[in-house]
Protein chains: 2
Amino acid sequence: MSVENHAADDAATAFASHDHSTCRAQALQAADDLAAAQGVRLTPVRRRTLEILLETHRALGAYEVLERLGAEGFGSQPPVAYRALDFLVQHGLAHRVQRLNAFAACLSPGHDHAPAFLICRACNKVAEADAPEIRSALRAAAVGVGFSVERMTVEALGLCDACAAAERPE
Amino acid sequence: MSVENHAADDAATAFASHDHSTCRAQALQAADDLAAAQGVRLTPVRRRTLEILLETHRALGAYEVLERLGAEGFGSQPPVAYRALDFLVQHGLAHRVQRLNAFAACLSPGHDHAPAFLICRACNKVAEADAPEIRSALRAAAVGVGFSVERMTVEALGLCDACAAAERPE
DNA sequence: CAGACATGAGTTATCTCATAACATTACGGT
DNA sequence: ACCGTAATGTTATGAGATAACTCATGTCTG
Ligand SMILES: [Zn+2]
Ligand SMILES: [Zn+2]
Ligand SMILES: [Zn+2]
Ligand SMILES: [Zn+2]
């Protein structure tokens, strides 16, 4: 397998040890591109918020982000964080993880997607898994009962291989 | 199609007009059976909580349930509701809807399942859709990246046919 | 039956997550 | 320079969830 960085690889890399600076750089580049392409303004708070999310593959709570922002001279009240995070989510630069009431940077922004999330309950890392079959299966089940799907949430809680190995000899 | 009441029918019925007393009676019967079968105690608060959830196909917030309980002479503090709800979820008599931070009675309890939910954003009704293909697809995607799934959340937000029809001539 | 133990129900207090409402500042077009 | 809009900031409050403790009730044992 090559060393390319497709979306499909994200899930694999998130839990494995890897050169994370690439993750960060790529996502930030994509964000800058998007801002330039569409007239969107990736302001300092917004960009910094994205950088904070990109520091880890864990999902961060809004208040966790806020604390960081406040410490760096930005506003220190909840709406500051929520607005920046909402912006990122809105523009596909971050995702909200329902299960954790938390946010994670998107690692393959630009190609509009709503991935499934794999959440390790031990290390708290989150991986995006692009699984179109899941989405189409759900959509199919929905039309069968007269329901039109607009947005969907697919999240799995479990153990990544690393944590599974670490837990076994408990 | 016959008038049987399988799990597969639930999704269809939830959004359609139907004889809801059957939903209620069936679910309560199943709950009583389960309590009798396993040594589990379906105490007054717990049973009443289930009844409250069963009044509607909407998902109710814990505080909504609590208000009802309190008004009927049960405890009026959050833990009362949360404990009863946790019990019901634990024993498969209710589900938690992540997207809404709310709870809905299970309409086909007993046969241990973790269904997908269809949530109408207009009427707020929630339907369970048993869709095994979704679960297996997600599980498959997970093993591919070294992740073992323990629990999964599949929820779709959208419009039921009735609400779609009502919304069109806006 | 008394005592010991477990489970459930109730309370108060507190915590985390999220948004409403409004004042202030920065930006872009004319 | 001027104005309108978008972004940032603030205070205050709403909504969801849990910790920690007390009390009642039921069950098992001797
Ligand atoms: Zn990385
Ligand atoms: Zn892990
Ligand atoms: Zn019904
Ligand atoms: Zn509806």
Side-chain angles (χ1 to χ4, degrees), chain A residues 31 34-36 38-50 52-53 58-91 93-104 119 124 126 153 155, chain B residues 31 34-36 38-53 58-91 93-104 119 124 153 155:
Chain A
L34 173 134
Q38 318 176 202
V40 221
R41 292 175 55 194
L42 191 59
T43 62
V45 221
R46 292 170 176 174
R47 193 166 202 282
R48 188 74 194 106
T49 300
L50 180 56
I52 291 170
L53 290 182
R58 287 178 44 237
L60 302 182
Y63 280 70
E64 249 174 305
V65 170
L66 176 60
E67 199 172 322
R68 297 285 309 275
L69 290 175
E72 297 176 19
F74 294 101
S76 58
Q77 301 306 316
V80 172
Y82 280 102
R83 282 198 282 240
L85 290 166
D86 286 350
F87 171 88
L88 295 176
V89 169
Q90 210 74 38
H91 292 81
L93 299 170
H95 300 288
R96 178 180 199 119
V97 183
Q98 300 281 348
R99 189 101 193 186
L100 304 175
N101 292 328
F103 301 83
I119 308 164
N124 280 303
V126 172
T153 304
E155 298 176 357
Chain B
L34 173 135
Q38 318 176 200
V40 204
R41 293 175 51 195
L42 191 59
T43 63
V45 221
R46 291 170 178 174
R47 192 165 202 283
R48 189 72 195 108
T49 300
L50 180 55
E51 288 173 3
I52 290 171
L53 290 183
R58 285 179 44 237
L60 301 183
Y63 280 69
E64 247 173 307
V65 171
L66 176 60
E67 199 171 322
R68 296 286 309 274
L69 290 175
E72 298 176 17
F74 294 103
S76 59
Q77 301 306 317
V80 171
Y82 279 104
R83 283 198 283 240
L85 290 166
D86 285 350
F87 171 88
L88 295 176
V89 170
Q90 210 75 38
H91 293 81
L93 299 171
H95 299 287
R96 178 183 198 116
V97 183
Q98 299 283 346
R99 189 100 192 187
L100 304 175
N101 292 328
F103 300 83
I119 308 163
N124 280 302
T153 304
E155 298 176 356

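Numbers restart at 1 for each chain; the letters A, B, ... are given by sequence-line order, proteins then strands.
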Please determine whether side chain to side chain contact (heavy atoms under 4.5 Å, CB included) holds for the pair A/Leu53 and A/Leu85, giving the CA-CA distance in whole Å, both sets of side-chain angles, and the decisive distance to 0.1 Å. CA-CA 10 Å; A/Leu53 290 182; A/Leu85 290 166; 3.9 Å; yes
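- In this structure, B/Tyr82 does not count as stacked on the base of D/dT18 under the 5.5 Å centre distance and 30° plane angle limits.
- Taking both residues in full, the closest heavy atoms of B/Val97 and B/Ala59 are given as CG2-CB, 4.2 Å, listed atom of the first, atom of the second, then distance.
- Across every non-hydrogen atom of A/Val65 and A/Ile52, the tightest pair is O-CD1, 4.4 Å.
- Scanning all heavy atoms of the two residues, the minimum distance from B/Phe87 to B/Arg41 falls at CZ-O, 3.8 Å.
- Separating the CG atom of A/Leu60 from the C1' atom of C/dC17 is a distance of 14 Å, rounded to the nearest angstrom.
- Distance, B/Leu100 CG to C/dC17 P: 19 Å, rounded to whole Å.
- The interatomic distance linking A/Tyr63 (OH) with D/dG16 (P) rounds to 14 Å, in whole Å.
- At whole-Å resolution of the value, CD in A/Gln77 and C1' in C/dC22 are 14 Å apart.
- Without hydrogens or angle criteria, B/Gln98 side chain to B/Thr153 main chain gives no donor-acceptor distance under 3.5 Å.
- Annotation: B/Glu64, atom CD; neighbour count of heavy atoms from other residues, nucleotides and ligands within 6.0 Å is above 12.
- A/Leu42 has its CG atom 14 Å from the P atom of C/dC27, to the nearest Å.
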What protein N or O atoms touch nucleotides 5-8 of chain D N or O atoms at under 3.5 angstrom, if any, and at what distances?
from, atom 1, to, atom 2, distance (Å)
D/dA7, OP1, A/Arg46, NH1, 3.4
D/dT8, OP1, A/Thr43, OG1, 2.5

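- Distance from the side chain of B/Pro79 is smallest for C/dT11 among the nucleotides C/dC17, C/dA13, C/dT11.
- In this structure, B/Leu85 places its CG atom 11 Å from P of D/dT18, rounding to the nearest Å.
- Residue A/Arg48 contributes atom CZ, which lies 19 Å from atom C1' of D/dG9 at whole-angstrom precision.
- For B/Pro78, taking side-chain heavy atoms from C-beta onward, the closest of the listed nucleotides D/dT10, C/dT11, C/dA13 is C/dA13.
- C/dC17 atom P lies 11 Å from atom CD of A/Glu67, rounded to whole Å.
- Here the closest non-hydrogen pair linking B/Leu66 and B/Gln77 is CD1-O, 3.5 Å.
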